[in-house]
Amino acid sequence: MRTTKSVLFLGILAISASGIAQESKIYTHDNRQYQEALALYNNGQYQAAQTIFEKVQQQTKDGETEANSAYYAANAAVRLNQTGADRMMEDFVTNYPTSTKQNAAYRDVADYYFRNGKYPNALRWYSKVDQGSMSPREEEEFNFNMGYSLFATGKPGEGEKYLNKVVNSDKYGSQAKYYLGYIAYQQDDYEKANARFNQIEDQEVLDEKLSYYQADMNFKQGKFEEAIALAKKQIPRSEPQEVSELNKIIGESYFNLGQYQNAIPYLEAYKGKRGKWSNTDYYLLGYSYYKQGDFANAIQQFNKIIGGTNSVSQNAYYHLADSYLKLGKKQEALNAFRNASQMEFSAEIAKDAYLNYARLSYELGNAYEPVPQVLTTFLQKYPGDPNTREIQALLVDSYITSRNFKGALDLLEKNRDYASKETYQKVAFYRGLELFQDSQYGEALEHFSKSLQYPENALFQARARYWKAESAYLLNRYEEALADYNTFRQLPRAASTTEYKDLDYHQGYALFKMKQYDRASTYFERYANNRGSGPMVNDANVRLGDSYFVSSKYWPAMEAYNKVLATDSKEKDYAAFQKALSYGFVDRNDQKMEELNAFISRYPDSPLKDDALFELGNSYVRAGSDQQALQAYDRLVREYRMSSLVPQALLRQGLIHYNANRNDQALEKFKSVVRDYANSQEAIQAVATAKLIYVDTGRVNEYAQWVEGLDFVEVTDAELDNATYESASKQQLEGRNDAAIRGYEEYLRSFPNGLHSQEAHFNLAQLYFGAGNTEKALPHYKQVADGGRGEYNEQALTRVASIYVAKNDYTSALPYLERLEKTAEIGQNRTFARSNLMKGYYEQGDYQKTIAYAEQVLATPGIDNRIRSDAQVMIARSAIATGNENRAESAYAEVLKIASGELAAEATFYDAYFKNKNGKHEASNTAVQKLVKDFAAYKRWSGKGLVLMARNYYALGDAYQATYILESVIANFSQFPEIVREAKTELAAIKQKESESNSSIDNGGN
C-alpha cells in the first residue's frame, strides 16, 4: 500500500489573516509613523510596513505602541516568508507577555510552521492557542490545521477529533472527509473509509487521489471487478510509481478472478517495491503462465523464488516441479517436489509432492538420501495411501537397480508380501553374485542355495546352480562343485545361459583338482575341440597337456602343447617348456636339450627361463657333457641371481666337480651355497657333501673350524631339529592348522637358526594369514623376505607388501615393493609391485614417479581393466595435482571407459567437471545425474557433483535449482566439511546477487 504525500492539498489551504483586526487610533503626539505603517500593512505592503514598524518599535516611548509594532513587524516577516520570521514571533511572545496580541501570535507562529510542513513545531504552538477567543472562521481553520498536523505526525486517532469538527465546512469539508477516510483506510476499516470518501463533493480532491485508494480497498475486500474498474480509471492521471501499484492491483484482481491471461500484462508491468519483486510477486506471474500452459515462462518466474518458507512458496515449488515435469526436466522436478514435500502449510500438497519425489528418486536416483529410504519414508508417513502397493514394488526394485542386493534381501525376508517369490529368487541370486565377486565364496554359496529354494524362473534356477558350483570349487569343495556342475548340465534352461558354453572347461578343472586326470582330459579335450580358439581354449589345451603329462602320457601331452604353440597364447613359453620336459621322459634327451636351447633363444623374457637353464644343465649332466652343464648352470647363476634355483645350480656344480675329483672347486661351490643361502636345504646338503671331501682328504679339523662358524645349523642337534620340524609339518599336511601353528612356534623357539627355520617362518606366516591374522603373519613373512634369497622369498615379499598396502602404510610398503619389482619372477607379482608403487608414490606426493610407474603398468600386456583403470586414475590425479588438466581430462576419459565402483564415480565427476569448465552446462548436468543415479553409494563424489550441478544451473539462469541444491548439500553432507564449505560459499554469492532483484532475500538469504 502506498502512503500519501505529506501535505497533499496544502496548496489549496488559505492562511488566514484573522487576528489582525483594524487597529483603533492611538491619540498621542507620536502616532503618525505607526498609523502610516499600519495602513501599509493593511494594504499588503508588508516589506515597507515592516521597516517602519521596526523603526517605531525602537523609537517610541509608549509600551503598547512598542509591543504592537513588534507584533506587526514579526507578522510582516511571516507574510513575506522571511528566514527567521518564526524567531521574531517567538521573541515577541517572550518580550511582551501581557500584549493583547499574544494569542494571535501563537496562531501566527503555528501557521508559519504549518505552511512550511514543520508539523511537530506547528503542534507545539497550536497547543498554546486560546480557542475561546477565536472567531468561528478562525476556529474552523485552527481545527483543520490541528487535525492535519496530528495526522501528519503519526497521531491519526487524535487528529480525527479535530477533523470531524470541520467535515461540514464549505472550505475544509472535502479535505477533512478525505483525510478521515484515509485514516480509516490505513486502519483497514474499509466500510468507514468508503463512507467518508463517498461524502466528498470537491471534484479536485476526487480526481487527485481517491480512485487509487478506492481501488485498493475494493481489492482488499475481494471486490475485484470494482477494483479493476477504479484502478484503470486512475492510471492515466497517476505518477509512475503509483501506476506500478495500480498495475499490481489490476493484475492480482484478474488473478483472483481466474482470468490469468488478462492478469499477465498487468503483473509484468509492476515494478516492485523500490525496484524489487517479492517471492509472492514471482509466484503470481509464474502461476498465471502455468495456468496458460506456458511452462517455460512459468519456470522462469517460479525459479526466482528463493528461500521461501510460507504457503505461497510451497504452492510455487509444487507448480514449479510440475512445470519442469511437463517439459521433461525430471531432475529439476525432483528437487522442487522434494522442497514442496518438506513444507507443512498444505498437507495435501506435501503428500502429492512426496509421492512424485519418491517416483522420480526411483527413476533417476537420489544424491541427498538413499532411494530405498525415500520410498520407505513414504510408506511410513502415508500407510493407508492408495499408492502403497506401487511404492512397495518400487522399493524392492530400487534396491535391485541400485545394486543394494543385501538391503533388498533383508527387506524381503522381513516383508515377503512386498514382492513375488520370483523376485526373491532373483535378489538372492544377485546377492550371491555380489558376494562371489568380493571373494566371499562361503556366503555366496549360501545365497545361491537360498535362490534355489524358489525355482520360479528356470533361467535363474540354472544360473544359481552354476554359480553355487563355482563357489564350492573356490572353497576347494571339488566333489560338491562337480555334483552341482552335473545338475546344472541337466536343467532345461542351462543350455540357454551364458555360463553353459564354458561348462566343460570348469568341470575339467574340478576333476583336475580331484586328480582324476583321465576324466579331466576328456572335458578339456571336448571343450577345446568345440570352442575353436581363444584364451580359455588355449588354457584348456595347456591343462589337457598337463593331464596327460601327470598321467605319463607324454606323446598326447606334446600334441596338446603343440596346439598351444600354434597360437598367440600367453602360455606358449610354458607349453614349450613342458614339451621339452616331455621329451626327456620318453628318452629323447637330445631332443629335450634341443628344445630347451630353442626355448632359451625364443623366450628370453620368460619367467621359466631359469627353469629351462636348470633343466638344460641337468640334461647335459645326464648326457655326460659336464662342461656344457657347468656353462648352463653358470648362466643361470649369472642372469638370475634372485632365482630359487640358483642354490640348486651351485650345488649341482659342486657335485659335478666332486664327482670329477676337483675337490677345491667343489668346496668353493658348496661354501658359496652355505654363504649366500644359509638355512636352505641346499646349504644343508652342501655342508654334508663338503664333509665327505674334508674326510676323504684328511682335513677334518678344517671342516670342524668351518662348521663352527655356521649359525644356521647345530650339528649335534640335527636329528632333534629335523624331528621337531617334521612333526609340525605333518600337522599342517593333515589339516590340523592350530596344532601346526603350535608346532612351528615351538620349533622356532627351540631352533631359531635351525635347519628349517626359513620354511617354518614361511609356513607359520601362511597359516596365520589364512586364518585372517595378518598382524601375526607379518613378522614371519618379514623374516623370510629379509632373510636373503630363497625359495619363499618372492612370496614373502609379496605378502609383506600386500599387508602394508591393505593398512595404507605405503611408507613401510615401498621398500618391499621396490625389491619385489626388481626380483619378481612371476609377472603378476611384478605388476602388483608396480601398481602399488605408483599408489605409494602418489600418497607421498611424488607425482613424477607416480606417472612413470603408471605408464609401466599400462604397458604390461594382458592386465585386467581394474589395474588399467587404477593406473589411469593415478595419472589423472597426478596431472590434477600438477595443474596439467589437459592430461587429466584425457586420462579420466580412459578411466570412464573401463572403471567400476568408486573409480567410475570419480571419473564420472571429472567428466562433469571438464564439461562445466568448457561451458557445456547441460551436458555437465547430465553427467552429474548419471553420477547420482549409478554411484549413489559414493556420497563424497555425489556431493562434489551436486555443487558442480548448482554452478551449472546458475549459469543456465535457474537460481532456484542452484540455491536449493546447495542448501540440500549443506543439510545432507555434513560428513564432508570441505564440500559443505564450498557449498556455503557458492550459496552466499548467489543469494547476494539475487537479492539485488528479489526483496524476499535479505543479503544472502532469509
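Keep in mind that what you see is a predicted model, and the values were worked out from it rather than measured.
- Side-chain contact check for N793 versus S644: every heavy-atom pair is 4.5 Å or farther apart.
- Judged by distance alone, the side chains of Q681 and E759 do bring a donor and an acceptor atom under 3.5 Å apart.
- Taking the six-membered ring where the residue is Trp, H761 and H780 present tilted rings, their angle falling between 30° and 60°.
- Rounding to the nearest 0.5 Å gives a distance of 14.0 Å between OH of Y792 and CZ of R799.
- Ring pair F549/Y554 is perpendicular by interplanar angle, where above 60° counts as perpendicular and below 30° as parallel.
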- Decide yes or no on salt bridge (Lys or Arg N to Asp or Glu O under 4.0 Å) for R830 and E794, but give the supporting numbers first. CA-CA 10 Å; R830 191 178 303 112; E794 181 172 340; over 6 Å; no
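- At least one donor-acceptor pair closer than 3.5 Å links the side chain of S521 to the backbone N or O of D518.
- Put simply, the side chain of F436 does not reach to within 4.5 Å of the side chain of Q440, judged on heavy atoms.
- Taking both residues in full, the closest heavy atoms of S757 and P752 are given as CB-O, 3.7 Å, listed atom of the first, atom of the second, then distance.
- Across T811, T774, D809, a single residue satisfies side chain to side chain contact (heavy atoms under 4.5 Å, CB included) together with Y804, and that is D809.
- Side-chain N/O atoms of R519 and Q516 include a donor and acceptor closer than 3.5 Å.
- Within a 6.0 Å sphere centred on NZ of K807, heavy atoms belonging to other residues, nucleotides or ligands number more than 12.
- By the 30° and 60° cut-offs, the orientation of the rings of F512 relative to Y509 is perpendicular.
- Looking at heavy atoms from C-beta onward, Q766 lies in side-chain contact with Q795 at the 4.5 angstrom threshold.
- A salt bridge links R819 with D786: the distance from a Lys NZ or Arg NE/NH1/NH2 to an Asp or Glu carboxylate oxygen falls below 4.0 Å.
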- Task: Could you go through the side chain to side chain contact (heavy atoms under 4.5 Å, CB included) check for Y473 and Y441 one step at a time?
- Result: CA-CA 9 Å; Y473 176 88; Y441 304 118; over 6 Å; no
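- Side-chain atoms of Y574 and D546 form a donor-acceptor pair, as typed in the model, at a separation below 3.5 Å.
- Pairing each heavy atom of L837 with each of L817, the nearest pair is CD2-CB, 3.6 Å.
- Closest approach of A740 to L767, counting heavy atoms only: CB-CD1, 3.8 Å.
- E745 and R742 are not joined by a salt bridge, as no carboxylate oxygen comes within less than 4.0 angstrom of a charged side-chain nitrogen.
- Annotation: Q828, atom CD; neighbour count of heavy atoms from other residues, nucleotides and ligands within 6.0 Å does not exceed 12.
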- Message: Could you walk me through whether S750 and E746 satisfy the side chain to side chain donor-acceptor pair (under 3.5 Å) test, starting with their C-alpha distance in whole Å, then the side-chain angles of each, then the deciding distance to 0.1 Å, before giving a yes or no?
- Response: CA-CA 6 Å; S750 301; E746 176 61 32; 3.1 Å; yes
- Task: Test side chain to side chain contact (heavy atoms under 4.5 Å, CB included) on D502 and M536 and set out the steps.
- Result: CA-CA 9 Å; D502 297 324; M536 289 180 66; 3.6 Å; yes
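- Minimum heavy-atom separation, N538 to V564: O-CG2, 3.6 Å.
- Judged purely by distance below 3.5 Å, without hydrogens or angles, the side chains of Y841 and Q848 never pair a donor atom with an acceptor atom.
- One finds the CD atom of E843 at 11.0 Å from the CG atom of N836 (value rounded to the nearest 0.5 Å).
- A donor and an acceptor atom, one from each side chain of D634 and Q653, are located under 3.5 Å apart.
- Distance OH/Y768 to CD/E775: 12.5 Å, rounded to 0.5 Å.
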- When you look at Y620 and Q631, which way does the side chain to side chain donor-acceptor pair (under 3.5 Å) test go after all the steps? CA-CA 10 Å; Y620 280 132; Q631 291 173 357; over 6 Å; no
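- The backbone N or O of K669 sits less than 3.5 Å from a side-chain atom of S672, completing a donor-acceptor pair.
- Put simply, the side chain of R652 does not reach to within 4.5 Å of the side chain of V621, judged on heavy atoms.
- With a 4.5 Å cut-off on side-chain heavy atoms, D573 and P607 count as touching.
- Across all non-hydrogen atoms, the minimal contact from Y603 to L565 is OH-CD2, 3.8 Å.
- Summarising the local packing, CD of E855 is surrounded by more than 12 heavy atoms from other residues, nucleotides or ligands at distances under 6.0 Å.
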- Query: Hey, mind stepping through Y478 and N476 against side chain to side chain donor-acceptor pair (under 3.5 Å) and telling me if it holds?
  - Reply: CA-CA 5 Å; Y478 304 119; N476 301 327; 2.8 Å; yes
- What's the verdict on side chain to side chain contact (heavy atoms under 4.5 Å, CB included) for M838 and Q856, showing C-alpha distance, side-chain angles and the deciding distance? CA-CA 10 Å; M838 73 181 178; Q856 286 187 53; over 6 Å; no
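- Of all non-hydrogen atoms in G508 and F524, the two that sit nearest each other are C-CZ, 3.4 Å.
- For the pair D539 (side chain) and P535 (backbone), a donor-acceptor distance under 3.5 Å is absent.
- Salt-bridge check for R641 with D610: failed, with every basic side-chain N at 4.0 Å or more from each acidic carboxylate O.
- At least one donor-acceptor pair under 3.5 Å links the side chain of K572 to the backbone N or O of T567.
- For N589 (side chain) and S619 (main-chain N/O), a donor-acceptor pair under 3.5 Å exists by modelled atom type.
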- Item | Working for side chain to side chain donor-acceptor pair (under 3.5 Å), residues N737 and Q732 | CA-CA 6 Å; N737 292 344; Q732 184 178 7; 6.0 Å; no
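- Proximity of the aromatic rings of Y505 and Y523 is defined here by a centroid distance below 6.0 angstrom, and this criterion is not met.
- Counting heavy atoms from C-beta outward, H657 and N663 have side chains that stay 4.5 Å or more apart.
- In this structure, K671 and W706 have side chains that are in contact, with non-hydrogen atoms separated by less than 4.5 Å.
- Salt-bridge check for K592 with E615: passed, with a basic side-chain N closer than 4.0 Å to an acidic carboxylate O.
- In this structure, CD1 on I803 lies 5.0 Å from CG on L778, to the nearest 0.5 angstrom.
- With hydrogens and angles ignored, the 3.5 Å screen pairs no side-chain donor or acceptor of S551 with any backbone N or O of K553.
- Taking 4.0 Å as the cut-off between side-chain N and carboxylate O, E525 and R543 do not count as a salt-bridged pair.
- Y677 is listed as a side-chain neighbour of V646, based on a closest heavy-atom distance under 4.5 Å.
- Using cut-offs of 30° and 60° on the angle between ring planes, the pair F769 and Y781 is perpendicular.
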- Task: Could you please spell out the steps behind the side chain to side chain contact (heavy atoms under 4.5 Å, CB included) verdict for R635 and I600?
- Result: CA-CA 11 Å; R635 186 174 177 185; I600 293 166; 3.5 Å; yes
